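Only a predicted model underlies this, so the values are computations on that prediction, with no experimental measurement involved.
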Amino acid sequence: MSTLLVIAKEPVPGRVKTRLTPPFTPHQAARLAEAALADTLATVRDTPADRRVLALDGAPGDWLPHGFEVVAQSPGDLDERLAAAFARCTGPTLLIGMDTPQVTPELLGSGLDFGACDAWLGPAEDGGFWALGLAVPDPALLRGVPMSVPETGAVQRGRLTAAGLRVRDLPRLRDVDTAADARTVAAQAPRSRFAACHEELTATATNVRDGAWTGTA
């Protein structure tokens, strides 16, 4: 049984995408987070898998499509929450977050092909990772990995290889953390909800450059 596993926060102003503020307001940042989450879940829905699980911090909203099992995130640091999410799964499992709305069914489908490997790692441009696939979910492979630091991806890869796993890479993607990231990712996925939301929020800005603007948004 193959599983696509998404870990996400409910898009509540002030609790998500806080590094987008400024230039975006907390409400605008939450709107962008919701659009990114909706794009991600739609892609997961359209990717062949036997099971689709959303490990959610918060409550589901209108952005959740049918066909998902929703489970509450466990308490603890991010490594513990990721490990607990994997512990709920059996068989080949691919984990992704809500920060890469540019993902496609083709990308996610590749990460569920374990014919020639035991693990998949999707490196992020900031040094982290946007996806982790395990043929046999083992929570111990994540516990203790330092998260949200430039060496996160390298440490996670080292943990996999030290366990004797054959690791393959998914394409490197850019997470949406800052306003500059948001602009770049919106351009990479011009037909996405995220791009439409980003365009709407920046339409009234008089100057948008390097993640900052003057004017009204």
Side-chain angles (χ1 to χ4, degrees), residues 2-9 15-20 33 36-37 40 43-44 47 49 53-57 71-104 107-182 184-185 188:
S2 61
T3 300
L4 284 169
L5 174 61
V6 182
I7 188 160
K9 286 184 179 180
R15 292 194 65 239
V16 292
K17 293 295 151 208
T18 55
R19 290 174 62 189
L20 292 178
L37 179 55
T40 300
T43 297
V44 170
T47 303
V53 180
L54 172 63
L56 181 64
D57 177 3
V71 299
Q73 284 186 33
S74 298
D77 293 335
L78 182 55
D79 64 310
E80 291 289 343
R81 287 182 278 134
L82 295 179
F86 267 110
R88 296 175 179 269
C89 303
T90 58
T93 299
L94 180 69
L95 167 78
I96 65 169
M98 59 184 285
D99 298 336
T100 49
Q102 70 272 46
V103 296
T104 64
L107 273 180
L108 299 188
S110 295
L112 284 171
D113 180 5
F114 291 93
C117 67
D118 307 300
W120 286 90
L121 191 66
E125 290 190 4
D126 62 3
F129 61 88
W130 65 269
L132 175 62
L134 297 173
V136 180
D138 181 356
L141 292 170
L142 291 105
R143 293 193 179 105
V145 173
M147 296 290 165
S148 303
V149 294
E151 60 269 22
T152 294
V155 174
Q156 184 63 74
R157 171 178 281 281
R159 183 69 66 84
L160 300 174
T161 56
L165 303 185
R166 300 167 298 165
V167 184
R168 295 186 65 180
D169 283 330
L170 289 164
R172 186 179 301 273
L173 295 183
R174 185 166 181 167
D175 286 339
V176 175
D177 289 319
T178 67
D181 295 331
T184 298
V185 171
Q188 292 173 346

Take L141 and L160, measure what side-chain contact (heavy atoms from CB on, under 4.5 Å) needs, and give me the verdict at the end.
CA-CA 7 Å; L141 292 170; L160 300 174; 4.1 Å; yes
Is the shortest side-chain heavy-atom distance between [X] and [Y] below 4.5 Å?
X    : Y    : answer
V145 : L82  : no
L121 : R168 : no
E125 : D175 : no
V185 : T100 : no

What is the minimum heavy-atom distance between [X] and [Y], and which atoms define it?
X    : Y    : answer
C89  : A85  : SG-O, 3.6 Å
V176 : P101 : CG2-CD, 4.1 Å
R81  : S74  : CG-O, 2.9 Å
A124 : R172 : O-NH1, 3.5 Å
G111 : W120 : O-CD1, 3.2 Å
L37  : A8   : CD1-CB, 3.7 Å

Under 3.5 Å, side chain of [X] to main-chain N/O of [Y], donor-acceptor pair present?
X    : Y    : result
R159 : A140 : yes
D79  : G144 : yes
W130 : P171 : yes
E151 : P146 : no

Euclidean distance, [Y] [atom2] relative to [X] [atom1], rounded to 0.5 Å:
X    : Y    : atom1 : atom2 : result
I7   : L132 : CD1   : CG    : 11.5 Å
F129 : L170 : CZ    : CG    : 12.0 Å
T178 : L20  : OG1   : CG    : 7.0 Å
T93  : L4   : OG1   : CG    : 8.5 Å
F86  : L134 : CZ    : CG    : 4.5 Å
D99  : T40  : CG    : OG1   : 8.0 Å

Test item: side-chain donor near acceptor, D181 and T184, under 3.5 Å
no
Provide the full list of salt bridge (Lys or Arg N to Asp or Glu O under 4.0 Å) pairs with a residue in residues 130-148, sequence neighbours left out, each pair given once.
E80-R143
Applying side-chain contact (heavy atoms from CB on, under 4.5 Å) to T43 and I96, what does each step give before you reach the verdict?
CA-CA 11 Å; T43 297; I96 65 169; over 6 Å; no
Between D113 and S110, does a side-chain hydrogen bond (donor to acceptor under 3.5 Å, both in side chains) hold up when you go through it step by step?
CA-CA 5 Å; D113 180 5; S110 295; over 6 Å; no
Once side chain to side chain donor-acceptor pair (under 3.5 Å) is applied, do any residues pair with T152, and if so which ones, sequence neighbours excluded?
none
Before giving the answer on side-chain contact (heavy atoms from CB on, under 4.5 Å), spell out for L173 and L107 the whole-Å C-alpha distance, their side-chain angles and the decisive distance to 0.1 Å.
CA-CA 11 Å; L173 295 183; L107 273 180; 4.2 Å; yes
Option from R15, Q73, K9 for which side chain to side chain donor-acceptor pair (under 3.5 Å) with D57 holds:
R15
